[in-house]
Participant: 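Quick one: the structure is below, and I'll ask about it shortly.
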2 protein chains.
Amino acid sequence: MKTSEDHIVKIAKALSDKTRVRILQDIAKRGSVTCGDAINVACLSQPTVSHHIKVLVDAGLLNADKNGRHVIITVNKEVLKEFTELVSVSTKR
Amino acid sequence: MKTSEDHIVKIAKALSDKTRVRILQDIAKRGSVTCGDAINVACLSQPTVSHHIKVLVDAGLLNADKNGRHVIITVNKEVLKEFTELVSVSTKR
DNA sequence: TCGATATATTGAAATATATCAATGTATTAT
DNA sequence: ATAATACATTGATATATTTCAATATATCGA
């Protein structure tokens, strides 16, 4: 059984790195990007960006859909909304 | 100049540890606690809990008001609200 | 098929974080 | 004044995270 803390922590961890937040914001602004696009935004090596995207996908914040040799990445707005609501609710008395 | 990423990252970092989220939730539930209360909730050493509270205070999520030898800790709801709104808005296109 | 492109994985190094025991500081009670 | 209480700080260790180079895998185009 996963507690609400676990859920909050997992997503907060994903949001706790500047590069990842930048990538997330860029995707949100542009609707969708490929990993290559994200590399340009992050200005870091390809493996590093690949790792960051994995963290965001694992947290549920991003959707990654393979399309040929590209991977199309979009923001999972549902999960983001869930997160902000969970943080709000669980800190309301 | 601090970007919105910086702000999100700082607070997300504070929320990216299970102990800190647990402490935050406990304070929210009870209205206010002392550091000693937080130690009981966390079941960790006093210095460790002191460190965690410091991280939360530095992120702006907690208010700490000295009262005699106790420190009264409350949740800074404004900052929490700011955070959830900033996350929501900055990921809306 | 072969080379090029897009992304993932592995292994290693550097840095950051969580944790505790020991100690310091401030405040209250006796 | 002194002892006890509440909390903070320091220094050390263990673990986690970030990053890259090297390499692997999958797909497309010629």
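In the text below, chain A, chain B and the rest are named by the order of the sequence lines, each starting its count at 1.
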Participant: Just the rounded figure in Å: distance from P of dT7(C) to CG of L62(A).
Facilitator: 14 Å

Participant: Starting at CG of L15(A) and ending at C1' of dT17(D), how long is that distance when rounded to a whole Å?
Facilitator: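 Those two atoms, CG and C1', are 16 Å apart.
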
Participant: Among dA21(C), dC20(D), dC7(D), find the nucleotide with the atom closest to the side chain of P47(B).
Facilitator: dA21(C)

Participant: Separation of I53(A) atom CD1 from dT18(D) atom C1', in whole Å?
Facilitator: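 Computing the I53(A):CD1 to dT18(D):C1' distance gives 15 Å.
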
Participant: Would you mind classifying the nucleic acid contact of L44(B) as base, sugar-phosphate or nothing, using non-hydrogen atoms under 4.0 angstrom?
Facilitator: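 Result for L44(B) = sugar-phosphate.
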
Participant: Nearest whole angstrom, please: distance from the P of dT17(D) to the CG of L56(A).
Facilitator: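 Value for this atom pair: 14 Å.
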
Participant: Grab the NZ-C1' distance between K13(B) and dT15(C) for me, whole Å please.
Facilitator: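 Checked: the NZ to C1' distance equals 11 Å.
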
Participant: Nearest to the H70(B) side chain among dT18(D), dC7(D), dA8(C), which nucleotide is it?
Facilitator: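 Among the listed nucleotides, the one closest to the side chain of H70(B) is dC7(D).
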
Participant: Over how many whole Å does the gap from K66(A) atom NZ to dA6(C) atom C1' extend?
Facilitator: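 Answer to the nearest Å: 9 Å.
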
Participant: Check for a donor-acceptor pair, side chain of R20(A) on one end and backbone N or O of A14(A) on the other, with a separation under 3.5 Å.
Facilitator: yes

Participant: Atom CD1 of I39(B) to atom C1' of dC7(D): distance rounded to whole Å?
Facilitator: 8 Å

Participant: For R22(B) and dA18(C), give me the distance from atom CZ to atom P, rounded to whole Å.
Facilitator: 14 Å

Participant: Classify the nucleic acid contact of K18(A) as base, sugar-phosphate or nothing, counting any heavy atom under 4.0 Å across all strands shown.
Facilitator: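 It contacts nothing in the nucleic acid.
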
Participant: dG29(D) phosphate, OP1 or OP2: any side-chain N/O from R69(A) under 4.0 angstrom?
Facilitator: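 No, R69(A) has no side-chain N/O under 4.0 Å of OP1/OP2 on dG29(D).
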
Participant: Given T91(B) and K77(A), is the side-chain contact (heavy atoms from CB on, under 4.5 Å) satisfied, shown in steps?
Facilitator: CA-CA 8 Å; T91(B) 53; K77(A) 295 187 181 179; over 6 Å; no

Participant: Is any side-chain nitrogen or oxygen of T48(A) closer than 4.0 Å to OP1 or OP2 of dT19(D)?
Facilitator: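 False: T48(A) side-chain N/O out of range (4.0 Å or more) of dT19(D) OP1/OP2.
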
Participant: Answer with base, sugar-phosphate or nothing: what part of the nucleic acid does H51(A) contact at a heavy-atom distance below 4.0 Å?
Facilitator: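 Base contact.
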
Participant: Spell out, as yes or no, whether a donor-acceptor pair under 3.5 Å connects the side chain of T48(B) to the backbone of L44(B).
Facilitator: no

Participant: Hey, is the side chain of S50(A) poking within less than 4.0 Å of OP1 or OP2 on dA8(C), counting only N and O atoms?
Facilitator: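 Checking S50(A) against dA8(C): at least one side-chain N or O falls below 4.0 Å of OP1 or OP2.
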
Participant: Is there a donor N/O on one and an acceptor N/O on the other, under 3.5 Å, for the side chain of Q46(A) and the base of dA8(C)?
Facilitator: yes

Participant: Using only atom types and a distance under 3.5 Å, with no angle test, would you say the side chain of S50(A) pairs donor to acceptor with the backbone of Q46(A)?
Facilitator: no

Participant: Phosphate oxygens OP1/OP2 of dT19(D): is one of them under 4.0 Å from a side-chain N or O of H52(A)?
Facilitator: yes

Participant: Does V55(A) belong to the same Ile/Leu/Val/Met/Phe/Trp/Tyr cluster as V71(A), with side-chain heavy atoms less than 4.5 Å apart forming each link?
Facilitator: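 No, separate clusters.
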
